Amino acid sequence: MAKQTAKKPARSPAKSRSNQVLRKAKTVSKDKKTSALGLLSHLKSGGKTSILSPLPVRNLPVIAAQSNVEKALSRLQCGKVPEFLPCRDNEYSAVYTFLEGKLSSSTGGCLYISGVPGTGKTATVHAVVKELRSFVDDGSIPKFQFIEINGMRLSEPKQAYVQIWKELNGTDKRVTADHASQLLETFFSESENMTSPVVLLVDELDLLLTRKQTVLYQLFDWPSRPGCQLIVLAIANTMDLPERAMMGRVSSRLGLQRLTFQPYTFPQLKEIVLSRVEDLCVFENEAVEFVARKVAGVSGDARRALSICLLAIDLMNRSQSDGKSGSRVVTMSLVNKALQEITSSPKLLAISNASYFEKLFLKAVVTEFKRCGVEETSFNDVLSTLTTICQMEGIKRIPSAPSVKSICASLATSRLILLDNSTHDFQQHIQLNMSQDDVTFALRDLF
């Protein structure tokens, strides 16, 4: 009897499609594996065989400023620090002498540098450090490490420990703030750990203030350890911050080494602007003098003067692009127009149209900021300062606390100040919703 062959069961259409998908997936996976192996062999062979299309090479050079106007725009940038800082020779010499003495004697110490914003504090320190580094190769100055932290760039004061430890070791390994504090404590307590001096620049020091002030205490205490070669340069905006805001144990560790940067005067601001653009013949002398006088009468902030000059050049370029004829020189009228544009912002107009007592309230807020060195205060402190200002101005009817509270609410509604959601009215925190310089400029008749 003939042997019957068993028939294979017919495949269902769904199963056939599934097998096709699997075969295609295996093929794609095999192709990817082959491509990866080919790339690996290509790299190992020194790139002799090309399996990838080469990327196009960009040979275009960086376009440098050509015209005098473009050069002026580049030089007037606030972040553009010149090689030689004008009008800060005495302060430069003081910082240089302090650092050079500490580095030469291999000892630690603290220097407190204060002054209103825009007076060249940080720029002077950077210039001194740059000069000292140039002497390291000669052997006249020992090799040192420079570390800089800024209170405005820290999420909380304790993060200063983390940043210092990372800069000190040159590592990106993550550590907690408490662990970094312990590591730094051990490092600065054992003199054999420090093979070279460390210069630590702490900018915006007032933002590191806490209730217990532990961070500031440790920063100022480490340089006093035996054999520790840590040199701390602390920068803040308030001259008497150690006496007003710091505890006794913290201010005693800071010591008595102080350096104050006074606001720039009219001749100094004029020299600062001319030192950057005088050889370009872009500004009229009268225009530079006008800017210097205006800024010197309000704050003495060099950054403010540079910003006004930049805006004046921008207005000149805009007028040229609109087809209006004119010379490529910034005149007095352009500078005056730039000042009007700055002062015509909605917030400055709101201050100019505010009531007399609302202006006095803003003056009290700015006065508190300058007194404490921190751009935040409480309603109770502002109320006390406002009462003092009214007495000095000879105002007989001093507003009561509920009236001042209404003034505060009105300014908050106008978004000129910011209030927290505290339920305690007298302890409510107050912040300005604009810079102190803008408020001072708008209230220049009251200051």
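What you are looking at is a predicted structure, and each value in this text was computed from that prediction instead of being measured. All values below were derived from every heavy atom in this structure, side-chain atoms included, with hydrogens, water molecules and symmetry-related copies excluded.
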Counting only N and O atoms by type, is there a donor-acceptor contact under 3.5 Å from the side chain of [X] to the main-chain atoms of [Y]?
{"X": "Arg276", "Y": "Gln77", "result": "yes"}
{"X": "Tyr264", "Y": "Thr119", "result": "yes"}
{"X": "Asn68", "Y": "Leu280", "result": "yes"}
{"X": "Ser319", "Y": "Met316", "result": "yes"}
{"X": "Lys363", "Y": "Phe357", "result": "no"}
{"X": "Lys337", "Y": "Leu315", "result": "no"}
{"X": "Ser189", "Y": "Thr186", "result": "no"}
{"X": "Ser384", "Y": "Asp381", "result": "no"}
{"X": "Ser181", "Y": "Ala177", "result": "no"}
{"X": "Asp420", "Y": "His429", "result": "yes"}

Please round to the nearest 0.5 Å and tell me the distance separating atom [atom1] of [X] and atom [atom2] of [Y].
{"X": "Tyr217", "Y": "Lys212", "atom1": "OH", "atom2": "NZ", "result": "14.5 Å"}
{"X": "Lys359", "Y": "Ile389", "atom1": "NZ", "atom2": "CD1", "result": "14.5 Å"}
{"X": "Leu362", "Y": "Leu416", "atom1": "CG", "atom2": "CG", "result": "6.5 Å"}

So, Gln436 versus Thr440: side-chain donor-acceptor pair below 3.5 Å or not? no

Under a plain distance cut-off of 3.5 Å, with no hydrogens placed, do Glu368 and Thr385 share a side-chain donor-acceptor pair? yes

Any carboxylate oxygen within less than 4.0 angstrom of a Lys/Arg side-chain nitrogen, looking at Arg258 and Asp240? no

So do Glu185 and Arg225 actually touch side chain to side chain, heavy atoms under 4.5 Å? yes

Side chains of Val282 and Arg75: closer than 4.5 Å at any heavy-atom pair? no

Side chain to side chain contact (heavy atoms under 4.5 Å, CB included) partner of Cys408, chosen from Leu386, Val365, Leu419, Val382: Leu419

Would Ser104 and Glu100 count as a side chain to side chain donor-acceptor pair (under 3.5 Å) if you check the C-alpha gap in whole Å, the side-chain angles of each, and the deciding distance to 0.1 Å? CA-CA 6 Å; Ser104 300; Glu100 195 270 340; 3.1 Å; yes

